[in-house]
Number of protein chains: 2
Amino acid sequence: MDDARTRLIESAQELLWERGYTGTSPKAIQDRAGAGQGSMYHHFNGKADLARAAIRRTAEEMVPRSRAHLDGPGSPLDRVRAYLRAERPVLRGCRVGRLVQDQEVVSDPELRGPIDAVFSGAIERVAAVLREGQEAGEVRPDVDADQVATALMAVIQGGYVLARAHQDEARYTAAVEGALSLLTIVG
Amino acid sequence: MDDARTRLIESAQELLWERGYTGTSPKAIQDRAGAGQGSMYHHFNGKADLARAAIRRTAEEMVPRSRAHLDGPGSPLDRVRAYLRAERPVLRGCRVGRLVQDQEVVSDPELRGPIDAVFSGAIERVAAVLREGQEAGEVRPDVDADQVATALMAVIQGGYVLARAHQDEARYTAAVEGALSLLTIVG
DNA sequence: GTCTATAGGAGGATAGAC
DNA sequence: GTCTATCCTCCTATAGAC
């Protein structure tokens, strides 16, 4: 059993994922955490303050996930494939990508910062692995690794969007496989 | 054309784009439309009903935009490039892609349907043009056109997400150019 | 630290007058 | 068709007791 402060942060993480910032009320967070109003306003200044803590924590939790695949075993191309094909809660959406639609999140540097850092860090790491792949002769050498890495991250985020619109995880898979098929050197 | 009903729909379209479904209140729509509560509830059953009309209209307006590029002049690859490079309000986000984050939108088939149709229609059209390009020898023949078309649509949607997170339109451009660079036959 | 009480405002909608 | 009045709930936060 964790303390109330931790439970509040975890509940906020879940609700921000499910309903976004605007759709998440302090009351709902308290209820899910089993904490009262007094408890929440003792530990945090308000909704935005709690959301900052929750988003920071979610961002911290996501970095090791991508590192696990990108810094894992296998050839560079294998690692990029493993990252893109990693199991994801597609229909639930991206924990952080979802939040950038919220105007209040984008406007607050403390809310947006950690999200931006997750994406920027992942793009950089993917680009580095792609460059390894180019040197190894696995990946087309005629493309800009940074641009392609950005495109691959966009495929993941856009895959979430298309899959939710279609309510079918297959649309995510199609996007990822389409992107991966373009990555290899044509025979 | 200038009646209250139309103004209400147009105002709802703008607000849904800016703030999403959850973040848009009937009051805000009325204020922007210069219409009173009585007027809105005379023309529509409520918020969801008005949102349905607004989303249908937005979806209708988006189809010709994509057709303009995909069915335009130039070679197949030129048309795909023109579509991906078309000017878009990147930092404002996608009019329809934004909405699929909203749980209430995804849950209501009448709200989700038109959005899904926009994406599905665009994917099909892009795939057809890609197949033309493959036959013309412009596009790699060894890839699945449907999957690649899905990937390209995902790049657009994901480009919006990454650009908003970074608050920089360049991130969208990088994603698009990275994807396009993979499309051509390697020299 | 956590509880209850309190509060002004916004959200979403209904009813009846004009 | 549009207006105003009214309703109840939820939102977000503050105050003070325990």
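Computed from a predicted model, the values in this text were never measured in an experiment.
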Contact summary for B:Gln13 and B:Ala54, nearest pair of heavy atoms
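Scanning both residues, the minimum pair turns out to be CG-O, 3.6 Å.
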Mind listing the closest non-hydrogen atom pair of B:His69 and B:Arg65 along with its distance?
ND1-O, 3.4 Å
Test salt bridge (Lys or Arg N to Asp or Glu O under 4.0 Å) applied to B:Glu18 - qualifying residues, sequence neighbours left out:
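Applying salt bridge (Lys or Arg N to Asp or Glu O under 4.0 Å) to B:Glu18 gives B:Arg32.
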Would you please name every residue forming a salt bridge (Lys or Arg N to Asp or Glu O under 4.0 Å) with A:Arg92, sequence neighbours left out?
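By the salt bridge (Lys or Arg N to Asp or Glu O under 4.0 Å) rule, A:Arg92 matches no residue at all.
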Linking Ile, Leu, Val, Met, Phe, Trp and Tyr by side-chain heavy atoms under 4.5 Å, what else ends up with B:Trp17?
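B:Trp17 clusters with nothing; isolated.
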Suppose clustering is done on Ile, Leu, Val, Met, Phe, Trp and Tyr with side-chain heavy atoms closer than 4.5 Å. Which residues sit in the same group as B:Ile9?
B:Leu8, B:Leu15, B:Ile29, B:Met40, B:Tyr41, B:Phe44, B:Leu50
Heavy-atom side-chain proximity of A:Tyr83 to A:Arg125 below 4.5 angstrom:
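The answer is no; the side chains never approach within 4.5 Å.
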So do A:Arg164 and B:Val105 actually touch side chain to side chain, heavy atoms under 4.5 Å?
no
Taking A:Arg171 for its side chain and A:His166 for its backbone only, find out whether a donor-acceptor pair lies under 3.5 Å.
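No: the side chain of A:Arg171 does not pair with the backbone of A:His166.
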Rounded off to whole Å, could you give me the CE-to-P distance for the B:Met40 and C:dG12 pair?
9 Å
Rounded off to whole Å, could you give me the NE2-to-C1' distance for the B:His42 and C:dT14 pair?
15 Å
Around atom CZ of B:Arg19, are there more than 12 heavy atoms of other residues, nucleotides or ligands at under 6.0 Å?
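Incorrect, the count does not exceed 12.
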Strand contacts (DNA chain D) in residues 46-58 of chain A, 4.0 angstrom heavy-atom criterion
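The answer is A:Gly46, A:Lys47.
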Scan residues 22-37 of chain B against DNA chain D and write down, sorted by residue number, each residue with any heavy atom closer than 4.0 Å; if none is found, say none.
B:Gly36
Under the side chain to side chain donor-acceptor pair (under 3.5 Å) test, residues paired with B:Gln30 that sit two or more places apart
none
Who are the side chain to side chain donor-acceptor pair (under 3.5 Å) partners of B:Arg52, not counting sequence neighbours?
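With sequence neighbours excluded, B:Arg52 shows a side chain to side chain donor-acceptor pair (under 3.5 Å) to B:Asp108, given in chain and number order.
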Less than 3.5 Å apart, which donor and acceptor atoms pair up between the side chains of residues 147-163 of chain B and the rest of the protein, not counting sequence neighbours?
from	atom 1	to	atom 2	distance (Å)
B:Thr150	OG1	B:Asp146	O	2.8

Do the side chains of B:Glu61 and B:Arg95 get close enough for a salt bridge, i.e. N-O under 4.0 angstrom?
no
Considering only NZ, NE, NH1 and NH2 on the basic side and carboxylate oxygens on the acidic side, decide whether A:Asp142 and A:Arg140 come within less than 4.0 Å.
yes
Terminal axes of the helix from C:dG1-D:dC18 to C:dC18-D:dG1 (five pairs each): angle between them, nearest 10 degrees:
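Roughly 0° between the end axes, to the nearest 10°.
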At the 4.0 Å heavy-atom cut-off to chain A, mark where contacts on DNA chain D begin and end, going 5' to 3'.
D:dC11 to D:dT14
Which residues in residues 101-108 of chain B have a heavy atom closer than 4.0 Å to any atom of DNA chain C?
none
